[in-house]
Amino acid sequence: MLCALAVVVLTAAVPSAARADNPIVQTVYTADPAPLVHNGRVYLYTGHDEDNSTYFTMKEWRVYSSADMVNWTDHGSPMNLGTFSWASANAWAGQVVARNGKFYWYVPVTNRSTGRMAIGVGVATSPTGPFTDAIGRPLAENGEIDPTVFIDDDGQAYLYWGNPNLWYVRLNADMISYSGAVTQIPLTTAGFGTRTGTANRPTLYEEGPWVYKRNGLYYNVFAAKCCSEFIGYSTAPGPTGPWTYRGTVMATQGGSFTNHAGIVDFNGGSYFFYHNGALPGGGGYTRSVAVEKFSYNGDGTLPAITMTSAGAAQNGTLNPYVRQEAETMAWSSGVETEPASGGGLNVGYLDNGDYVKVKGVAFGSGATSFTARVASAGAGGRIEVRLGGPTGTLAGTCTVPVTGGWQTWTTVSCPVSGATGTRDLYLRFTGGSGYLFNVDSWQFAGASAARGGAPVPGDASMR
Ligand code: FUB
């Protein structure tokens with residue numbers, strides 16, 4: 001997790017945190033984004049760079065989800081190296097696809113017995129896991145990395161991966177076995193561009209393929225050149241080629257010598273996920289995932305996309321009159337997350353002045369009270385309900401008592417006023433020294449809720 005020092009620096013280093021929603025995650029370093037749209041939400045699967053890493057020291061993968069591309073819920077780590085009994089290290093870049101009511105997570109890891117990189121596959125019945133090893137051994141192994149899986153309209157699934165080469169194999173409908181030979185995709189300069197100065201890698205293709213289809217055209221978006229990488233892409237009339245190099249999507253930038261792309265359409269928009277070194281302490285081994293909205297050119301080509309700190313515009317608003325997880329946030333400062341005793345996660349390790357930003361909260365005609373589920377074995381303190389900024393308009397203050405345990409939960413409520421319309425909500429945690437308290441969830445009540453903002457089933461009451 002990001003150390004407290006790094007988070008303090010982060011607060012100082014971002015002049016106006018209110019404008020910044022990239023990187024998506026501030027609580028830990030994340031890398032290699034792989035988005036999946038499922039049932040009206042975007043699930044974002046990432047790797048996890050350890051603090052102070054000097055290599056790709058990665059032990060687990062993480063999941064976040066959002067209904068609006070701005071407020072992301074942290075679902076923790078439902079798969080790690082220990083999931084694969086045969087794996088010893090390097091929880092690197094993977095992708096999740098949904099099929100047959102299940103979710104398959106293809107990942108590269110080191111095979112303990114061979115010492116080579118191999119492709120494992122996790123399976124779960126929920127997009128947030130938990131994931132188990134689907135077959136108890138590598139699905140494929142040739143020492144190369146970065147699997148991406150694409151299911152064509154005819155139901156045929158393809159697994160692609162590779163660095164320095166590029167491979168594919170046809171997956172069977174069970175998604176955990178394949179038919180036919182593992183096949184090498186010819187890395188021609190026509191297909192993948194021309195790299196200069198590196199005789200053993202004549203094309204731009206480096207790693208991290210992301211293969212998908214749009215309007216009958218097949219796209220392979222990949223990390224190009226090294227190092228530093230940029231994101232380039234090729235297109236083809238079919239899933240196995242022939243590929244034609246189309247140019248740069250995202251030029252080298254962002255303070256990480258790798259980059260890694262994932263692309264989805266969501267609610268009528270197209271979104272490009274990538275990583276950079278934008279958090280304090282960030283760099284090539286301490287990366288962070290981010291997202292930009294984009295539009296395809298009329299001929300189907302991809303535009304040039306630039307990293308921003310603003311990120312994508314919010315797609316919709318957030319309903320404060322149903323229970324919201326405290327680990328749902330557009331931005332945070334000084335905050336960490338951890339598993340909560342009742343399921344899901346809570347925010348914790350809160351020091352005086354730490355805060356969570358929730359963007360575009362639709363208060364309607366007005367909230368009258370705020371309720372939160374809290375626990376404290378520390379000092380207790382206060383949740384300041386603020387609008388527009390971490391020191392913005394104070395709408396209410398809830399006192400949090402010491403409950404006797406960090407997972408000993410109680411409910412606190414306080415009146416609020418002035419929370420009307422659609423506003424950015426800041427929950428600012430204040431008190432004395434040391435860790436103050438944990439927050440699991442929160443919810444507002446008010447006229448809008450009474451008029452029709454009924455809580456969703458199962459969320460009617462605070463746990
Ligand atoms: O995160 C480890 C490796 O770095 C990934 O597998 C590559 O795509 C690069 O991002």
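Both counts, for ligands and for their atoms, begin at 1 and track the order of listing. Worth knowing before you read on, the calculation uses all heavy atoms, side chains too, and leaves out hydrogens, waters and symmetry mates.
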Taking the basic N atoms (NZ, or NE/NH1/NH2) and the acidic carboxylate oxygens, is any pair closer than 4.0 Å for Arg195 and Glu206?
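Yes, charged N to carboxylate O under 4.0 Å.
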Can you confirm if the aromatic rings of Phe192 and Phe222 lie within a centre distance of less than 6.0 Å?
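Yes, ring centres under 6.0 Å apart.
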Is there a donor-acceptor pair under 3.5 Å between the side chain of Thr110 and the backbone N or O of Arg116?
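Absent.
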List, ordered by chain and residue number, the protein residues whose closest non-hydrogen atom lies under 4.0 Å from any atom of ligand 1.
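For ligand 1, the residues that come within the 4.0 Å heavy-atom cutoff are Asp32, Phe56, Met58, Trp92, Ala93, Ile145, Asp146, Glu207, Thr258, His260, His275, Arg287.
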Partner of Lys359 under salt bridge (charged side-chain N to carboxylate O under 4.0 Å, His left out), chosen from Asp68, Asp21, Asp424
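Testing each of Asp68, Asp21, Asp424 against Lys359, the sole residue satisfying salt bridge (charged side-chain N to carboxylate O under 4.0 Å, His left out) is Asp21.
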For Phe294, enumerate each residue passing the ring-ring contact (aromatic ring centres under 6.0 Å, His included) test, keeping only those at least two apart in sequence or located in another chain.
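Phe294 satisfies ring-ring contact (aromatic ring centres under 6.0 Å, His included) with Tyr296 only.
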Decide if atom NZ of Lys213 counts as having more than 12 heavy atoms of other residues, nucleotides or ligands within a radius under 6.0 Å.
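Yes, enclosed.
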